[in-house]
Amino acid sequence: MNGFLHNGNRFDGSQMTFPKLMQQAGYQTAVVGKWHLTSDPTGFDYWEVLPGQGSYYNPDLIQMDNSKKRYEGYCSDIITDLSLQWLKEKRDPNKPFILMCQHKAPHRNWAPAVRHLEMFKDDVPEPSTLFDDYNGRTELLKENEMSIKDHFSWGGDMKFHGDVMFPDNFTGGGNGEYRRMTDEQKAAWDAHYEPENQDFIKRMKAGELNEKQIISWKYQRYIKDYLRCVQAVDDSVGRMLQYLDETGQAENTIVIYSSDQGFYLGEHGWFDKRWMFEQSLRMPFLIRWPGKVEPGTDGSALIQNIDYGPTFLEVAGAMIPAEMQGQSLVEVLKNKGEPTASWRDAIYYAYYENASVHNVPVHDGVRTDRYKLMFFPRTREYQLFDLRYDPDELTSRHDDPEYAEILAGMKKRYTDLRDFYEVNTAVIPATRGEEKKWQQRDMELTANAKKGDFDLAFIGDSITQGWEGNGKDVWQKYYGGRKAMNLGIGGDRTEHVIWRLTHGNLTNVKPKVAVLMIGTNNTGHLDQKPDQVAAGIERILAILKEQTPETKVLLLGIFPRGGSTLDPKRLNNVAINQILQKKSDGDRVRYADIGHIFTDDEGKLPKSIMPDSLHLSEEGYKLWAEAIEPMLKDLGV
């Protein structure tokens, strides 16, 4: 894993990447166009990239000195011009090269080039699932916020001017691309769109269109603009190939056209991507390799973008580092695109953003040549699809007795692939923003943190938040006059604390001491392995060190839970604590296991202390406060 889990992260360019290894193998490297990784490109002899997502019209590009340069024209054309300019004028013709010509298009909101606005006059056939009702699958699908029906914007997606006239059918928002255009570009744009817009508005006001007809109209506007944007990319690819042909380099140059993911073009009534259904899971991959890949070859091997780096390195004759997760495609390409005996039987997919964009929840899964299994942690649901008989993925077979053996096998493959890729959700930042109470609590904590001036912070889950409940009077007695803050949220696991601490809960907060006790929900919710939970806690310690290095941390062992000393979940926490005690450095991080203060002589948890064998009573909070008081004083608060 390279650490870049979702948009908004900052890519660590200091890590090993295939462009750096290609440089070491004697290749000149260049990237032009979309980057979207926040940090500057590394491993490239030349680069010129779009800031963020970039713009279709008159785009700015970041230069190697970090200045920005604006180009008048259309983005796909400009990226191609700059790529060809590097090939023709800037590279060393005596060295092999790798050029990554990375287009913004096609990416919503579609803004076609002026020359393509009049293409595709006839209606495009609608996908069979445009009016999907989402029955037969998880209810989470119905919560999506990426439907053509409800979530297209008036200005950006649909190209109308002014305020939203039909708020039941369109969301707000203007068209940023239009604002970037020259007067000449705007005139051509309006000449195309305005007659269609005014006709639609007239029909809407007259009540001539029912809901399905409105969706169909929006779909036609959407798909035609998409195809027009794709046409500019096709033009650009043609120019690149023509240059290689004309200069005699085609026979000695591998050309690959691919993308970062697929996109819903009305399937399931959606736009955008994210869900693990076929349209966004699949990626285009076209290759021209004269003498190696026969034209017209259509292989069935399951390949992924993690395979690109190893492929380039093998072609270049360079060593492929063992830590690279993908496999070189060379053996598959030489096998006419079919899997070899050593090729993978399944691919693993994960989506991490959790409702922050288009209300798509965190999920992951595995796909073989015939079956697909998805898992949704929020609802603890599995979804199973038989792609042979249900290619549109309309019915999950996870509870069908006829598929019981297949479900068990797919779960096994899912677990094994997660282990193979060392997937540990305990260290992957996750929000619970889809839960209103959690969202409100998180916002309150961040607002409080912005005030600053705290000497003591308690970080954790419901047991920590309980200082404001059963522990309220105890808190007031021990911490009321100590500038203390409570950063606990009920139900949180390590990954949620990681997200909170990196998204505002530590704003302006530089406490002298932080009391950290987290992890019992990783056990209770997921039965997560001790080493994985410990890794999540270790990541929290690292965040505290990064963000507030002067803070001392009192790391508490996870409190006991369950009815007896042999309760499986209690034993899991015991195993986690065995690992945590080694995290103490005797200085910045102090470890203490105070769990014994809550149990009787037989190791049971009295109802008077833990009524539900998990959460503390007032007496339990009193015991907690008394136990750590000498430690806090020793640490300086």
Side-chain angles (χ1 to χ4, degrees), residues 7-8 10-11 13 29-42 44-90 99-117 119 153 155-159 161 173-190 192-193 222 225-240 243 257-261 263 271-273:
N7 291 339
R10 183 179 181 84
F11 181 73
T29 60
V31 59
V32 180
K34 186 173 177 179
W35 183 247
H36 210 196
L37 297 176
T38 308
S39 58
D40 289 343
T42 57
F44 295 96
D45 298 299
Y46 168 77
W47 57 265
E48 193 166 355
V49 296
L50 296 166
Q53 192 59 247
S55 301
Y56 279 104
Y57 274 83
N58 309 319
D60 299 314
L61 278 94
I62 303 172
Q63 309 297 297
M64 293 184 71
D65 62 2
N66 281 120
S67 64
K68 288 184 180 179
K69 182 176 181 180
R70 178 162 296 188
Y71 293 88
E72 184 172 320
Y74 190 67
C75 190
S76 300
D77 301 337
I78 291 164
I79 289 171
T80 306
D81 291 342
L82 294 171
S83 297
L84 287 171
Q85 185 182 45
W86 183 79
L87 285 172
K88 295 175 181 177
E89 303 172 8
K90 297 183 178 181
L99 166 64
M100 301 173 69
C101 174
Q102 305 194 155
H103 290 287
K104 168 185 172 59
H107 194 284
R108 175 176 169 266
N109 299 333
W110 320 133
V114 166
R115 69 180 182 276
H116 294 141
L117 288 174
M119 295 182 73
S153 67
D157 289 309
M158 296 288 96
K159 279 69 175 186
H161 292 310
N175 192 326
E177 293 295 340
Y178 188 82
R179 292 192 291 269
R180 298 182 66 87
M181 294 178 189
T182 64
D183 290 343
E184 184 179 1
Q185 290 165 343
K186 288 179 179 178
W189 185 271
D190 288 339
H192 169 73
Y193 288 109
Y222 170 75
D225 282 345
Y226 166 81
L227 293 171
R228 292 162 183 152
C229 286
V230 168
Q231 184 60 55
V233 177
D234 287 350
D235 295 346
S236 295
V237 172
R239 291 171 59 199
M240 298 288 286
Y243 168 75
Y257 176 86
S258 188
S259 180
D260 51 356
Q261 78 277 308
F263 211 94
F271 59 87
D272 207 73
K273 48 216 171 186

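The first residue of the sequence shown is numbered 1, and numbering continues consecutively from there.
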Rounded to the nearest 0.5 Å, what separation is found between the OH atom of Tyr257 and the NE2 atom of His103? 7.5 Å
Would you please test Gln231 and Asp235 for side-chain hydrogen bond (donor to acceptor under 3.5 Å, both in side chains) and show each step? CA-CA 6 Å; Gln231 184 60 55; Asp235 295 346; 2.9 Å; yes
Provide the closest heavy-atom pair for Thr182 versus Asn58 in the form atom of the first, atom of the second, distance. N-ND2, 3.8 Å
Between the CE atom in Met100 and the NZ atom in Lys34, the distance rounded to the nearest 0.5 Å is 12.5 Å
Counting N and O atoms only, with roles assigned by atom type, does the side chain of Arg108 sit under 3.5 Å from a partner on the main chain of Asp272, one being a donor and the other an acceptor? no
What's the shortest heavy-atom distance between Met64 and Tyr46, and which atoms? SD-CA, 3.8 Å
Between atom NZ of Lys88 and atom OG of Ser83, what is the distance when rounded to the nearest 0.5 Å? 11.0 Å
SG of Cys101 to CG of Leu99: how many Å apart, nearest 0.5 Å? 6.0 Å
As a test of understanding, state which of Ser55, Pro59, Ser236 forms a side-chain contact (heavy atoms from CB on, under 4.5 Å) with Cys75. Pro59
Quick one: does any side-chain atom of Gln102 pair with a main-chain N or O of Gly33 as donor and acceptor, under 3.5 Å? no
When rounded to the nearest 0.5 angstrom, what distance separates NZ in Lys69 from CD in Gln63? 6.0 Å
Work out which heavy atom in Pro51 is nearest to a heavy atom in Leu61; give both atom names and the distance. CD-CA, 4.3 Å
Kindly determine whether Phe263 and Trp110 satisfy ring pair (Phe, Tyr, Trp, His ring centres under 6.0 Å), including the steps that lead there. CA-CA 13 Å; Phe263 211 94; Trp110 320 133; 5.3 Å; yes
Of all residues at least two apart in sequence or in a different chain, which pass the salt bridge (charged side-chain N to carboxylate O under 4.0 Å, His left out) check with Asp60? Arg70, Arg180
Tell me whether Asp183 at atom CG has more than 12 heavy atoms from other residues, nucleotides or ligands lying less than 6.0 Å away. no
Write down the atom of His36, the atom of Gly52, and the distance for their closest heavy-atom approach. CD2-C, 3.4 Å
Verify whether one side chain among Asn109 and Asn175 offers a donor that lies under 3.5 Å from an acceptor in the other. no
Backbone of Met158 reached by a side-chain donor or acceptor of Tyr222 within 3.5 Å: no
Check Lys186 against Tyr178 and note the closest heavy-atom contact, atom names and distance. CE-O, 3.0 Å
Decide whether Tyr193 and Asp225 meet the rule of one side-chain donor and one side-chain acceptor closer than 3.5 Å. yes
Quick one: side-chain hydrogen bond (donor to acceptor under 3.5 Å, both in side chains) partners of His107, sequence neighbours excluded? Gln53, Lys273
Which residue in the set Tyr71, Trp35, Trp86 passes side-chain hydrogen bond (donor to acceptor under 3.5 Å, both in side chains) when paired with Glu48? Tyr71
Once rounded to the nearest 0.5 Å, what's the spacing between atom CH2 of Trp47 and atom CG of Leu82? 13.0 Å
Could I get the full list of side chain to side chain contact (heavy atoms under 4.5 Å, CB included) partners for Ala232, not counting sequence neighbours? Tyr74, Ser76, Arg115, His116
Is a side-chain N or O of Glu177 found less than 3.5 angstrom from the main chain of Tyr56, in a donor-acceptor match? yes
So which heavy atom on Gly73 is nearest to which on Ile78, and how close? C-CD1, 3.8 Å
Contact check, side chains of Val114 and His192, non-hydrogen atoms, under 4.5 Å: no
